[in-house]
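A short worksheet on the structure shown next.
Sequence positions, counted from 1, serve as the residue numbers for this chain. Atoms within each ligand, like the ligands themselves, are counted from 1 in listed order. These values consider heavy atoms only, across backbone and side chains, with no hydrogens, waters or symmetry-generated copies.
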Amino acid sequence: MAMVVLTILFSILVTLLLKHFYDTLSCYWFTPLRIKKIMKMQGILGPKPHFLTGNILHMSSLVSKTTSNDMKTITHDIVGRLLPHFLQWSTQYGKRFVYWNGNEPRLCLTETELIKEFLSKYNTVSGKSWQQRQGSKNFIGGGVLMANGQDWYHQRHIVAPAFKGDRLKGYAENMVECTKEMIQSIEKALESGQIEVEIGEYMTKVTADIISRTVFGKSYQKGNKIFNLLTLLQSHCAQASRHLSIPGSRFFPSKYNKEIKSLKFEVDNLLMEIIQSRKDCVEIGRSNCYGNDLLGMLLLNEMMQKKKKRGNGKSLNLQVIMDECKTFIFAGHETSALLLTWTIMLLAINPIWQQKVRAEIKSICNAGIPSIDQLSKLTLLNMVINESLRLYPPASVLPRMAFEDIMVGDIYIPKGLSIWIPVLAIHHSEELWGKDANEFNPERFSSKPFIHGRFLPFASGPRNCVGQTFALMEAKIILAMFISRFSFIISENYLHAPVVVLTIKPKYGVQVCLKPLEP
Ligand code: HEM
């Protein structure tokens with residue numbers, strides 16, 4: 001009898017091992033070969049990939065070469081510096097080519113019509129690849145940014161109302177308060193004799209305060225702590241994900257993997273404490289709502305859906321609620337800080353535009369603080385923000401994987417192929433923007449008809465940035481208040497050295513010399 005049981009167990013083990021072996025082979029060998037063959041048949045070629053690493057090593061060596069020196073002058077011609085592999089491969093293979101990010105094949109797409117079609121039509125059958133999800137799993141988990149298919153659809157519908165109508169307007173007060181604090185701390189620095197500041201630090205702090213208050217409301221101090229831990233966690237995850245193309249690397253007991261585990265535990269505990277105390281307050285009757293912030297909205301949704309016994313409404317479980325909070329902190333912070341930092345750099349080197357925008361703010365807003373209704377009247381400021389997002393889009397590329405076979409225009413995209421949209425290159429394309437594509441010219445956003453698919457700082461289609469209106473409202477409030485309080489020029493110490501570390505950053509920050517203006 002024992003022998004029979006052992007034989008059965010052994011057979012199960014062997015079957016599982018064989019299946020695992022076949023899945024690994026299929027993931028690293030058969031599927032990539034199949035995709036390569038299909039693309040070749042359509043005349044879409046690309047650089048030869050290496051086993052496991054694909055074209056990653058070649059890309060990193062090109063990028064480290066082009067970014068090893070700082071730029072000699074402040075020019076916005078940065079595609080060759082940040083996406084040298086794109087320039088090389090598009091010259092060699094044309095507008096469409098396939099390259100390999102490890103074992104993940106990626107089709108580069110720059111044709112605006114095809115981008116528009118892909119981003120508007122295929123949101124539930126395309127999404128974030130295993131590599132992308134794995135790389136961010138430990139710091140944002142399964143929140144809306146990394147969710148796919150029906151899970152994404154469901155989560156998007158739950159979080160989207162947080163960025164609409166009165167709820168959205170309700171965040172303005174926080175934004176003004178946080179900006180006032182930031183301005184006071186700059187004034188203090190100037191009073192102490194400083195004439196120059198690294199403006200990126202202030203923008204990072206103010207956007208962190210705003211997002212912590214938006215997500216956690218009154219619990220924002222704990223929120224700030226979570227924010228700091230998440231920042232550390234994100235950088236560890238970025239280090240660890242460099243080895244993701246090696247099978248099983250995520251299980252190695254490396255220094256990073258150990259620290260990731262303990263940081264994640266700490267963040268989740270802090271989040272759980274906040275959630276539990278809100279739930280307790282409602283349960284014992286000390287409060288009649290879960291809070292007027294984003295977390296409160298998610299908890300209310302969870303409670304209402306649970307109550308709907310017969311309805312088929314799905315609720316978010318606690319882990320997803322925690323992941324959603326982390327997602328908003330991650331997605332809504334660095335991008336906004338960078339938009340503000342690059343815009344201030346652009347205005348610091350373009351004094352005429354700085355004066356024009358200041359005059360506009362003065363003529364529209366009382367004491368430089370815009371009300372919600374005044375925001376839409378700040379047209380010059382809006383044009384400057386768009387031009388800044390065009391030249392320095394915080395998210396320089398958009399990768400999405402096809403989970404089913406699809407047709408985009410005349411291209412047959414097999415399941416498992418990722419579409420890679422090089423936003424930065426599209427934003428700097430002379431073919432799409434004209435001869436002055438690399439110059440700062442906000443006028444281009446004044447009247448020219450909008451060509452769909454060529455301006456993608458927030459992606460587009462149903463899976464665009466859900467926080468776009470929040471981000472633009474925040475940017476206008478902060479910039480309007482800052483510009484009307486200080487005049488500024490770029491410091492001699494500023495070195496122009498944009499780099500891509502997930503987003504486009506100024507390598508050494510942006511140093512500006514400030515002069516307070518009369519209120
Ligand atoms: C200037 C600021 C911002 C920029 C340039 C930006 C850009 C983007 C882009 C390009 C995407 C699509 C990413 C992809 O699919 O791979 C995205 C998605 C997203 N963004 Fe933003 N974002 C900004 C600010 C914000 C803010 C302030 C929030 C929240 C408060 C936010 C929340 C999100 C979320 C949750 C998603 C995922 C949406 C989905 O997949 O349905 N973003 N953002």
- request: Give me the ring orientation class for His427 and Trp433: parallel if the planes are under 30° apart, tilted from 30 to 60°, perpendicular past 60°.
  value: perpendicular
- prompt: So which protein heavy atom does atom 13 (C) of ligand 1 come closest to, and at what separation?
  reply: Leu398 CD2, 3.9 Å
field: Interatomic distance, Glu324 atom CD to Leu271 atom CG [nearest 0.5 angstrom]
entry: 12.0 Å
field: atom 38 (C) of ligand 1: the protein heavy-atom neighbour that sits closest, reported with distance to 0.1 Å
entry: Arg156 NH1, 3.5 Å
query: At a 4.0 Å threshold, what atoms of ligand 1 neighbour a non-hydrogen atom of Ala459?
result: 10 (C), 12 (C)
query: Counting from 1, what ligand 1 atoms have a heavy atom of Val144 closer than 4.0 Å?
result: 35 (C), 40 (O), 41 (O)
task: Provide the number and element of each atom of ligand 1 under 4.0 Å from a heavy atom of Asn464.
output: 38 (C)
field: Closest to atom 15 (O) of ligand 1 among Arg400, Arg463, Met146 (heavy-atom distance)
entry: Arg400
task: Heavy-atom distances under 4.0 Å are what count here, so tell me which part of Glu474 touches ligand 1: side chain, backbone, both or neither.
output: neither
message: Restricting to side chain to side chain contact (heavy atoms under 4.5 Å, CB included), what partner residues turn up for Asn382, sequence neighbours left out?
response: Asn386, Lys476
- request: Please determine if Asp323 and Lys137 form a salt bridge, counting it only when a charged side-chain N lies under 4.0 Å from a carboxylate O.
  value: no
message: Quick check on the 6.0 Å ring-centre criterion: do Phe482 and Tyr202 meet it?
response: no
Sub-3.5 Å N/O-N/O distance, Thr327 and ligand 1: no
Where ligand 1 meets Phe163 - atom numbers and elements under 4.0 angstrom, heavy-atom basis: 29 (C), 30 (C)
message: Please enumerate all residues that pass ring pair (Phe, Tyr, Trp, His ring centres under 6.0 Å) together with His333, with sequence neighbours excluded.
response: Phe227
field: Charged N-O contact under 4.0 Å between Asp293 and Arg278
entry: yes
task: Just need the protein heavy atom nearest to atom 29 (C) of ligand 1, so name the residue and atom and give the distance.
output: Phe328 CD2, 3.7 Å
field: Side chain, backbone, both or neither: Ile211 near ligand 1, heavy atoms under 4.0 Å
entry: side chain
field: Greater than 12 external heavy atoms within 6.0 Å of Phe403's CZ
entry: yes
- prompt: What's the shortest distance from atom 16 (O) of ligand 1 to any protein heavy atom, and which residue and atom give it?
  reply: Lys128 NZ, 3.3 Å
query: If you look at every heavy atom in Ala437 and Leu391, which pair is closest and at what distance?
result: O-CD2, 3.8 Å
field: With sequence neighbours excluded, residues passing side chain to side chain contact (heavy atoms under 4.5 Å, CB included) with Leu432
entry: Thr112, Ile426, Ser429, Arg454
task: Determine whether the side chain, the backbone, both or neither of Leu339 has a heavy atom under 4.0 Å from any heavy atom of ligand 1.
output: side chain
task: Classify the angle between the aromatic ring planes of Trp342 and His496 as parallel (below 30°), tilted (30 to 60°) or perpendicular (above 60°).
output: perpendicular
message: Just to be sure I'm reading this right: ignoring hydrogens, which of Pro394, Pro457, Ala162 gets closest to atom 7 (C) of ligand 1? Compare them by their nearest heavy atoms.
response: Pro457
query: Relative to each other, are the rings of Phe86 and Phe97 parallel, tilted or perpendicular (30° and 60° limits)?
result: tilted
task: Measuring from atom 21 (Fe) of ligand 1, count protein N/O/S atoms under 2.8 Å, please.
output: 1
task: With side chain to side chain donor-acceptor pair (under 3.5 Å) as the test, would you mind laying out the steps for Ser388 and Thr343 before giving the verdict?
output: CA-CA 6 Å; Ser388 168; Thr343 308; 2.9 Å; yes
